[in-house]
Engineer: 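The structure under discussion is supplied below as structure tokens; questions concerning it will follow.
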Amino acid sequence: MGGILARVYVTPKRGILDPQGKAVQHSLHVLGFGEVADVRVGKYIEMQLRDVAGDAAMARVRQMCERLLANGVIEDFRVELGEGRS
Amino acid sequence: MGGILARVYVTPKRGILDPQGKAVQHSLHVLGFGEVADVRVGKYIEMQLRDVAGDAAMARVRQMCERLLANGVIEDFRVELGEGRS
Amino acid sequence: MRWGVIVFPGSLDDRDALRATERVLGDEAVPLWHKDRDLHGVDCVVLPGGFSYGDYLRCGAMAKVSPIMEGVRAHADAGGLVLGICNGFQILCEAGLLPGALVRNRSLSFVCDIVTVRVETSDTPFTMGCRAGELLNLPIKHGEGCYVADEKTLAEIESERRIVFRYTDRGGRVVPEANPNGALANVAGVCNAGRNVLGLMPHPEHAVERLTGGEDGLRILRSVQLWCGQHGAGERSAPTVVSGP
Amino acid sequence: MIATAPAGQPVAADAAAEHGLTPEEWSAILELLGRPPTLEELGVFAVMWSEHCSYKSSRVHLRQLPTTGPQVLQGPGENAGAVDIGGGLAAVFKIESHNHPSFIEPFQGAATGVGGILRDIFTMGARPIAILDSLRFGAPDHPRTPYLVKGVVAGVGHYGNCIGVPTVGGELHFDAGYDQNVLVNAFTIGIAPRDRLFRARAAGTGNPVIYVGARTGRDGIHGASLLASASFDAAAAQKRPAVQVGDPFTEKLLLEACLELMQTDHIVAIQDMGAAGLTSSSLEMAGRGGAGIVLDLDAVPLRETGMVPYEILLSESQERMLLVARAGSEAAVQAVFARWDLEAVVIGRVTDDGLFHARWHGTEVCTLPVSALTERAPVYRRPAEESAALEALQHFDVNRVPEPVDCTHALLTLLESPNLCARDWVFRQYDQLVGGNTVVRPGADAAVVRLEGTRRALALTVDCNSRYCKLDPYLGAMLAVVEAARNLVAVGARPLAVSDCLNYGNPERPDVMWQFQQGIHGIRDACVALGTPVVSGNVSFYNETDGRSIPPTPTIAMVGLLDDVETFLTPWWKAEGDLIVLLGRSREELGGSEYLAVLHGIERGIPPWIDLDAEKRLHRFCLVASQERLLRSAHDVAEGGLAVALAECSLGGPGLGARITLEQGMRADALLFGESQSRMLVSLRRRHLGRLRDLARREDVPFTVLGEVRGSSLVIGDLIDLPVEAARARWRHALERRLSG
Ligand SMILES: Nc1ncnc2c1ncn2[C@@H]1O[C@H](COP(=O)(O)OP(=O)(O)O)[C@@H](O)[C@H]1O
Ligand SMILES: [Mg+2]
């Protein structure tokens with residue numbers, strides 16, 4: 001059966017220091033990409049889910065984010081659901 | 001002027017070992033999320049670009065990915081362009 | 001001989017590499033600044049351990065684009081010796097001077113320990129003073145030392161005997177329990193096709209004194225001395241190496 | 001938030017309350033200024049007068065600690081203390097707490113704690129050479145404990161590993177008393193030429209004040225200062241400031257740039273920006289130098305848009321330093337930082353008017369007498385009274401405790417218990433080697449770090465038994481000092497000096513204040529007796545949640561010196577046939593022992609007694625014996641008593657067994673697991689027995705040959721038969737198993 005593909009985007013909260021983004025921006029400038037005004041580096045997580053219906057899935061994935069995938073103190077997350085590979 | 005917001009998705013290549021994805025999947029199972037059949041952990045990078053037109057931007061961002069943001073040996077990347085904050 | 005140790009922003013074991021080559025081996029050793037392009041005529045350039053650019057984005061990703069790497073590439077193409085230790089190994093892979101890549105340890109946590117590695121070939125300037133099959137006890141300390149490569153690449157480096165070190169148990173057996181980071185085929189170090197560029201996760205420069213970490217690292221550093229002695233300091237010809245006994 | 005009031009406008013009493021200032025403190029401010037303060041000035045008063053920055057509850061008591069001695073180069077009062085270690089070198093060290101932030105966000109809290117103490121050290125001109133971490137968590141089975149432990153350990157490792165300073169030791173304890181208030185105390189030691197220590201005294205009217213390092217964001221406004229100055233409760237979660245994220249990479253650049261600049265003489269004064277950021281660093285420099293300072297807040301490099309002066313003054317963004325340079329040195333200073341890709345911006349000047357001026361968009365938002373914020377900060381003699389409950393806690397009848405039927409099983413249970421099992425899982429996550437001078441790594445009684453280019457080495461340890469302190473805050477504090485010293489002696493080092501981190505509950509509670517005073521007295525008496533002055537330290541009050549305080553926890557970091565690094569010792573047996581000797585006397589003392597807690601669930605009684613003279617004789621004996629190379633190993637007898645100490649000698653290193661016979665003469669459990677002080681286990685070659693015994697007689701140290709190193713089991717009379725290999729695996733993996741639940 002074709003399951004569900006969940007896409008999770010975890011990004012540093014606004015206002016929270018993102019040292020990684022800062023360092024990447026610096027290197028891009030050194031490489032001559034001066035047009036880069038700001039960089040934020042986060043996580044992108046793809047999950048294949050089996051045996052779950054779409055509506056239930058959303059709630060489950062949000063739980064996964066709160067309990068493991070994202071750190072609510074310093075990170076925000078966003079979830080998208082799509083057609084999974086079978 | 002409102003610049004361009006570039007979204008870059010970097011994902012581990014299929015067939016390349018992704019220890020982090022494996023570990024995350026394991027932890028999710030331990031937490032009772034048995035429906036998770038596969039996990040890939042990648043990066044999500046948001047960049048604010050200034051003074052560039054959309055078509056040129058795409059080419060520039062792909063260069064950034066090839067030269068720095070992604071490692072072709074183990075990673076694939078995808079770029080999306082959108083409306084940036086000004 | 002003359003060693004050069006590159007200092008990237010966030011290099012940490014650069015001072016240890018300088019101590020090992022200068023104070024312990026008694027060679028000439030100079031720091032090389034990442035913003036330079038010139039290697040100041042060194043025979044062997046060391047990319048030291050550490051967290052260049054904080055390991056942000058990917059280990060070695062940002063170091064690979066610094067000016068000094070142009071010098072390193074030219075040096076390597078001319079047959080000069082390049083030794084990448086830990087973060088240096090990661091940088092060489094990122095720069096494409098070595099095959100494969102290094103990713104998060106399977107445990108997902110940093111590991112500091114003394115491990116046993118087996119010398120897989122003495123047919124490199126870095127191991128010509130060792131016996132193939134010889135066991136060395138060396139420190140490791142890394143969070144991203146899991147060596148990965150696609151099957152084709154792995155098969156290739158296997159057949160070309162370019163896997164220079166493997167993690168083993170104390171008895172020299174290649175077993176999963178002896179693998180500290182999940183590396184494919186227990187790979188601890190590999191070299192390029194020209195055999196003049198070596199990368200390894202363990203730290204030979206931290207095993208050069210009885211009092212601090214043992215002396216097995218000298219087996220590797222002395223091999224480099226030996227090779228440079230035979231090939232004349234400064235000379236730039238691809239290494240032709242007689243296999244050890 | 002309060003900071004949205006218009007800049008430079010006067011505020012009223014209610015704002016003071018919001019800032020945690022008492023009505024009395026508010027009227028004191030009005031009196032000092034002769035007018036109501038502006039919002040910015042109020043914020044400055046709030047942080048400078050906070051417990052964390054002003055030490056208002058502890059100052060009068062801290063004065064009792066011994067802080068002088070021939071070895072002391074810098075006592076308390078600067079960024080860190082310093083002692084003379086010979087060869088023209090100074091050892092610069094300090095321990096500091098980061099408790100509340102680590103409870104809110106364990107990884108970043110612990111990481112920024114390490115980052116902060118590292119800055120304190122290189123601010124003095126010293127290159128950091130080692131870190132220790134002292135960690136305390138709640139019961140292992142508390143639902144939040146594993147998460148906190150994993151986060152904190154990963155955070156400590158992240159910062160230390162990434163900046164390239166080895167973490168060579170520490171401690172880890174579990175106690176339900178820390179369920180809601182974990183303790184994360186980080187220690188750093190660095191080395192500098194003794195005649196080139198940098199201090200934080202602003203001087204030279206007209207000299208530029210230069211801001212270096214990371215940009216200023218809204219991180220932790222009122223974080224360290226106010227969080228650490230009020231009790232913790234559900235509401236604290238609301239007032240939670242933006243969490244500080246550590247950037248060890250930037251700090252590494254800052255470290256190298258500062259040390260490079262310190263080779264020159266462009267610097268007049270330098271101070272890191274820690275708690276209360278720009279405000280406290282500029283005020284403390286001005287205060288120490290008796291100078292004034294004017295800051296142009298428009299010049300401060302900002303990370304975020306729309307920041308108001310209140311936020312700029314109080315931000316606790318990490319990886320920033322403030323320095324006063326000689327007039328004319330601006331360009332030279334900026335050149336050094338540019339080489340390391342760091343910003344260095346002139347944001348003010350030193351003045352001679354004794355005032356703190358902060359200007360923004362053409363208005364002066366602060367005009368304050370520096371002394372009002374520093375030496376004229378409030379000082380409290382808070383009421384202190386022993387808790388009524390304590391006496392009951394100290395009373396217990398050992399005869400009601402059944403002796404164990406199977407002592408081997410009892411020993412194994414102890415070896416697997418959270419406070420006694422091996423810490424490998426922790427320190428494997430730390431780079432213990434970078435720098436190339438680590439001689440004794442974590443796992444021994446103390447770490448030994450060679451002094452580059454000399455024959456000497458430093459020994460480092462941090463210790464505290466908070467159960468002892470709970471049962472007797474005076475004796476407990478004394479025992480913490482004594483155990484630390486004994487740990488140094490065990491590796492062959494002469495104790496030099498102390499840095500203490502005094503973690504207590506709410507000082508507004510008389511019983512807590514009493515615990516604190518008793519703790520100070522204990523440290524004072526032990527340090528005076530052992531000749532180890534306190535050269536730096538830190539007080540962390542308000543470790544209390546919903547009215548419940550932590551056990552009193554005065555962690556003692558101690559530094560010792562080996563004149564010849566080759567004479568260092570480790571705890572474990574070295575060779576079959578070596579003799580095993582116990583130094584010191586065992587008494588029937590089970591009060592407050594790990595044995596009672598683990599096997600009988602009893603945490604009562606009176607901690608073991610300490611005879612400081614006997615302790616000193618033991619130290620003298622061990623140091624002579626190690627210098628004359630009469631010993632092959634030494635290990636102090638601590639938590640878990642003689643049996644656990646013997647087991648540790650077998651389980652570590654090569655893993656050799658031993659044959660031991662003990663004179664009975666008291667309860668078997670007291671004999672095996674009692675925690676009598678001033679004891680040390682040593683092993684030696686047979687031929688040295690005579691000389692060692694004579695030495696013991698001369699130094700008047702009780703000397704008992706217990707047996708010999710032999711076989712693959714630890715055998716103690718007919719009480720214990722422990723196969724080393726099997727026990728070792730269980731001891732090593734117990735911690736990880738518990739944490740993975
Ligand atoms: N949090 C920690 N970080 C690093 N090392 C630690 C930590 N906890 C314990 N250790 C190390 O484990 C060993 C045993 O710790 P401990 O039982 O406190 O020793 P002792 O009882 O001699 O003070 C010591 O070498 C100590 O440095
Ligand atoms: Mg101890």
Side-chain angles (χ1 to χ4, degrees), chain A residues 1-12 14 18 20-21 23-54 56-57 59-70 75-78 80 84-86, chain B residues 1-12 14 18 20-21 23-54 56-57 59-70 75-78 80 84-86:
Chain A
M1 56 154 266
I4 292 173
L5 173 65
R7 293 199 183 81
V8 177
Y9 308 85
V10 181
T11 47
R14 292 259 152 232
D18 175 18
Q20 183 157 232
V24 170
Q25 183 179 3
H26 174 81
S27 292
L28 285 172
H29 284 180
V30 171
L31 283 173
F33 297 103
E35 67 264 44
V36 178
D38 181 46
V39 180
R40 314 280 295 170
V41 179
K43 285 203 231 71
Y44 171 60
I45 303 162
E46 274 183 2
M47 297 189 288
Q48 293 290 337
L49 308 182
R50 59 166 114 73
D51 322 330
V52 269
R60 295 283 287 177
V61 175
R62 296 192 63 83
Q63 281 176 28
M64 298 181 201
C65 292
E66 277 145 20
R67 295 190 53 189
L68 184 75
L69 303 179
E75 297 171 324
D76 296 324
F77 66 87
R78 203 174 84 245
E80 284 172 9
R85 294 172 292 92
S86 36
Chain B
M1 58 152 263
I4 291 173
L5 174 66
R7 295 200 183 81
V8 176
Y9 309 86
V10 180
T11 47
R14 300 257 150 227
D18 173 20
Q20 202 173 350
V24 169
Q25 181 177 3
H26 173 76
S27 312
L28 285 170
H29 284 179
V30 171
L31 288 174
F33 297 102
E35 67 264 44
V36 179
D38 180 47
V39 180
R40 316 283 296 167
V41 178
K43 291 196 196 64
Y44 172 57
I45 304 167
E46 270 184 5
M47 296 189 289
Q48 292 289 336
L49 309 182
R50 59 168 112 78
D51 319 331
V52 269
R60 295 283 285 174
V61 175
R62 297 192 61 84
Q63 280 175 28
M64 298 181 203
C65 292
E66 278 145 16
R67 292 191 58 191
L68 184 70
L69 301 180
E75 297 170 326
D76 299 319
F77 66 87
R78 201 173 83 246
E80 284 171 9
R85 292 173 290 94
S86 42

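Numbers restart at 1 for each chain; the letters A, B, ... are given by sequence-line order, proteins then strands. These figures come from a predicted structure and were not determined experimentally.
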Engineer: Given that the side chain runs from C-beta out, which part of A:Q25 has a heavy atom under 4.5 Å from chain B: side chain, backbone, both or neither?
Structural biologist: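 It is neither, since no heavy atom gets under 4.5 Å.
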Engineer: Using the ring-ring contact (aromatic ring centres under 6.0 Å, His included) rule, pick out the option among A:Y9, A:F77, A:Y44 that qualifies with B:Y44.
Structural biologist: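 So the option named by the test is A:Y9.
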Engineer: Which of the residues B:S27, B:G42, B:A57 is involved in the greatest number of heavy-atom pairs with chain A at under 4.5 angstrom?
Structural biologist: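 Of B:S27, B:G42, B:A57, B:G42 has the most heavy-atom pairs under 4.5 Å with chain A.
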Engineer: Verify, without hydrogens or angle tests, whether A:R40 (side chain) and B:Q48 (backbone) share a donor-acceptor contact under 3.5 angstrom.
Structural biologist: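 Not at all, since once roles are kept as given, no pair shorter than 3.5 Å links the two residues.
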Engineer: For A:L31 versus B:R67, what's the shortest heavy-atom pair and its separation?
Structural biologist: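 Answer, listing the atom of A:L31 first, then B:R67: CD2-NH2, 3.1 Å.
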Engineer: Are the side chains of A:V24 and B:I45 in contact, using a 4.5 Å heavy-atom criterion?
Structural biologist: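 In short, these two side chains do not touch, never coming nearer than 4.5 Å.
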Engineer: Is it the case that more than 12 heavy atoms not belonging to B:H29 sit under 6.0 Å from its NE2 atom?
Structural biologist: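 More than 12 heavy atoms, drawn from other residues, nucleotides or ligands, come within 6.0 Å of this atom.
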Engineer: Which heavy atom of A:R50 sits nearest to which heavy atom of B:V36, and what is that distance?
Structural biologist: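 It is NH2-O, 4.4 Å.
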Engineer: If you apply the rule side chain to side chain contact (heavy atoms under 4.5 Å, CB included), what do you find for A:K43 with B:V41, and how did you get there?
Structural biologist: CA-CA 7 Å; A:K43 285 203 231 71; B:V41 178; 4.2 Å; yes
Engineer: Using modelled atom types and a 3.5 Å cut-off, is there a donor and acceptor pairing between side-chain atoms of B:R60 and backbone atoms of A:E35?
Structural biologist: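 Answer holds: no.
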